[in-house]
**Student:** 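Pasting a structure below so you can have a look.
A note on names: the letters A, B, ... follow the listed sequences, proteins ahead of strands, and every chain is numbered from 1.
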Amino acid sequence: MISITLPDNSVRQYESGVTAMEIAKSISEGLARNVLSAKVNGEVWDANREINQDAKVQLLTWNDQEGKATMWHSSAHLMAEAIEQLYPGVKFGIGPDIENGFYYDIDTGDITLTESDLEAIEKRMLDLAREKQTFERVNVSKSEANSYFTEKGDEYKLELIHDLEDGQITFYKSGTFTDLCRGPHLPDTSFIKAVKLLNIAGAYWRGDEKRKQLTRIYGITFPKKKELDEYLLLLEEAKKRDHRKLGKELELFAFSQKVGAGLPLWLPKGAMLRERLEQYLKKVQKEAGYLPVITPHIGNVNLYKTSGHYDKYGQDSFRPITTPYEGEEFFLKPMNCPHHCEIYNNKPHSYKDLPIRYAEFGTVYRYEQSGELHGLTRVRGFTQDDAHIFCTPDQIKTEFKAVIKIIMKIFKALDFAEFITQISLRDPNTPEKYIGSEENWQKAEKAIIEVAEEEGLEAITEYGEAAFYGPKMDFMVRDAIGRKWQLGTIQVDYNLPERFDLTYIGADNEKHRPVMIHRAPFGSMERFVAVLVEHCAGNFPLWLSPEQAIILPISEKYQNYAENVLKSLNNSDIRALIDDRSEKISRKIRDAEVNKIPYMLIVGEKEAAENQVSVRKHGEGDLGSFSIEDFASLINNEVNRLQGFE
RNA sequence: GCCGGUGUAGCUCAGUUGGCCAGAGCAGCUGAUUUGUAAUCAGCUGGUCGGGGGUUCGAAUCCCUCCACCGGCUCCA
């Protein structure tokens, strides 16, 4: 007999060799019907794998992320089985579960799969699922594993096996499909009741662009048809928030083939929105002791040779601009930091001057691969809300923390509650990708890690994500359909000060090297606005909205009064306009609602007589009558409250 | 850059076994209407069917090529 400890700390006795499924059945049949896998001593196991010693067991269902993962991983196998049956001879790469569903990478040989083939695969998957196929776990030796896939001719699996240790290799067999797999899997395929293959794409084998590109099919499955329908509805709703769609509808920005791919055109409403964000940050930065600087859009090639950007990105940049006679080379500015270093170098500095904080909304141009361009989130010309802080080594942490404070203030003002903090360090395996001394890297990485701890930030750490000159702390936000985008960034840099020979005179009257902190709270105005649009679905906070109120006269008779109201609002710094079309009031309201204008002010006979406006709030409805003064202070109070400037 | 898909009016879309002057709704313009909380009515304008080349008596429709966009991969100072 063995003792099984359940999550509520109750202990039950079972025969050795009991499975999680049997444990579930001994508790209740209903539970057993929902068990997908089980966590045994912290490791996720098949529900029908024998447990031979005392263990802590947690039964996993669809309500657990690990339960979902089991379902989706098994779904990848099911899809592979279906594809193998429909297209014999295909070879398989890897097929993992992911955050929302699963994928499998497939070498389809001479045939090309397209979206139109997905339906047939889905159908076969459902047929196979109904067969209630079990997943059989088999321990195999390395040579057995090799001979199986040699016979099958699947070089991808052979490559995977090559990296595995003998004695640690398992196969899973379900129906006609056998896969190299660590598991775990579902008790049987009948748990999969609904299947949707979402998209099909190319993916390099092992993520290496020099290797063969396989066909990747993404899918998702559910234990109930209804849940799939709900998920698809959710995806559709998310698409409505897409900044590319809303940006067009709300006339914020546009692209033109003639101007060039990845070069956004800010339309008046978008430009006004962006200006407000810039003004806001300028105000915050002024309070925090930043000094404005302005630098040109191009720089001599030697500037970037000094900074190291030329060696690193020279080949992946727009080609240099040359002077007509001398042949002098200039690059479009890809970064503001080299320019700011030269501003620092413009005169000698004392330790008493530090920290010095140079801020610039600097527009930079970077060549991005054509397949990478994406709305406003990935463009070839964009404006960073950049600043560089030059400080002494012992000022780093204080300055770093002050920057975090600014970023938090902004995120709070814009209601970005769900962001991810990431510490990006070097990949210790590829030192050639980085410049600067080991000692300085260690110092810089240590500073960031300590700041995160001291500030109590829950940060994830990613190795290999650092900039080539230094480690960084990034703040990421998800877009409407769950893609992560980096917004704010703070980077500690010991390298550029060396390369530009930046110095300050210390209290000891000796020259010392300052440290640079690169930081951009928004990241880029383009990307930030994109994410903001998706975050609020185009319903901007009042202080950013291009139009805060629209005055809707009931008829032409009240046009004069409407103009008086507009004048008063403008005098109170409220952005408003009049809808003077000869339309019915309900039509004007509808159009204002569709255009997401925060407040509608209806004026007719009654309002004109009493010097009032009838206020309707976007998405909420009638708020009743207000005097113009009361409405103005309602707006201005809300604006101040949202910006955190009360 | 790579794999797959898409490209018809300002917007959303119909039209493809190749065949009358390429259609609709919304937007726009003109006129009528003067309206009380989510679409008033009528008329009109608007497209080198992404660009170029080819096949054909004839191309939005078939082929080639370039461009842009969409979904991924790789990349992201």
**Student:** Classify the side chain of E593(A) versus the base of rA38(B) as yes if they form a donor-acceptor pair under 3.5 Å and no if they do not.
**Tutor:** yes
**Student:** Where the side chain of S586(A) is concerned, which of rA77(B), rU40(B), rG72(B) is the nearest nucleotide?
**Tutor:** rU40(B)
**Student:** Go through rA77(B), rU37(B), rC73(B) for me and flag the one nearest to the I589(A) side chain.
**Tutor:** rU37(B)
**Student:** What integer distance in Å separates I217(A):CD1 from rG5(B):P?
**Tutor:** 13 Å
**Student:** Send over the distance from K245(A) NZ to rU12(B) C1', rounded to a whole Å.
**Tutor:** 8 Å
**Student:** In whole Å, measure the gap between the P atoms of rG72(B) and rA42(B) for me.
**Tutor:** 44 Å
**Student:** What integer distance in Å separates L235(A):CG from rG72(B):C1'?
**Tutor:** 15 Å
**Student:** Given rA38(B), rU37(B), rG4(B), identify the nucleotide with an atom nearest to the side chain of T112(A).
**Tutor:** rG4(B)
**Student:** State which of rG72(B), rA38(B), rU35(B) makes the closest approach to the side chain of R483(A).
**Tutor:** rG72(B)
**Student:** Compare the minimum distances between each of rU37(B), rU40(B), rA77(B) and the side chain of R616(A), then state the nucleotide with the smallest one.
**Tutor:** rU37(B)
**Student:** For the side chain of Y313(A), starting at C-beta, report the closest nucleotide among rU37(B), rU40(B), rC76(B).
**Tutor:** rC76(B)
**Student:** From rU34(B), rC75(B), rA77(B), pick the nucleotide closest to the side chain of E556(A)?
**Tutor:** rU34(B)
**Student:** Tell me which one of K240(A), R478(A), H243(A), R241(A) satisfies side chain to side chain donor-acceptor pair (under 3.5 Å) with E534(A).
**Tutor:** H243(A)
**Student:** Looking only at side-chain N and O atoms, does R587(A) come under 4.0 Å of OP1 or OP2 in rU34(B)?
**Tutor:** no
**Student:** Kindly say if K557(A) contacts the phosphate of rU35(B), meaning a side-chain N or O under 4.0 Å from OP1 or OP2.
**Tutor:** yes
**Student:** Fit a plane to each ring of W485(A) and H374(A), take the angle between them on a 0 to 90° scale, and name the class: parallel (under 30°), tilted (30 to 60°) or perpendicular (over 60°).
**Tutor:** tilted
**Student:** Does a distance-only test, which skips hydrogens and angles, find a donor-acceptor pair under 3.5 Å between the side chain of E607(A) and the base of rG36(B)?
**Tutor:** yes
**Student:** Looking only at N and O atoms, is any donor in the side chain of R378(A) or the base of rC76(B) less than 3.5 Å from an acceptor on the other one?
**Tutor:** yes
**Student:** Compare the minimum distances between each of rA77(B), rG72(B), rU40(B) and the side chain of K584(A), then state the nucleotide with the smallest one.
**Tutor:** rU40(B)
**Student:** Expressed in whole Å, how much space separates the P atoms belonging to rG25(B) and rA14(B)?
**Tutor:** 16 Å
**Student:** On a plain distance test, is the side chain of S582(A) in donor-acceptor contact with the base of rU33(B) below 3.5 Å?
**Tutor:** yes
**Student:** Should the side chain of R211(A) and the base of rC73(B) be counted as holding a donor-acceptor pair, with the cut-off at 3.5 Å?
**Tutor:** no
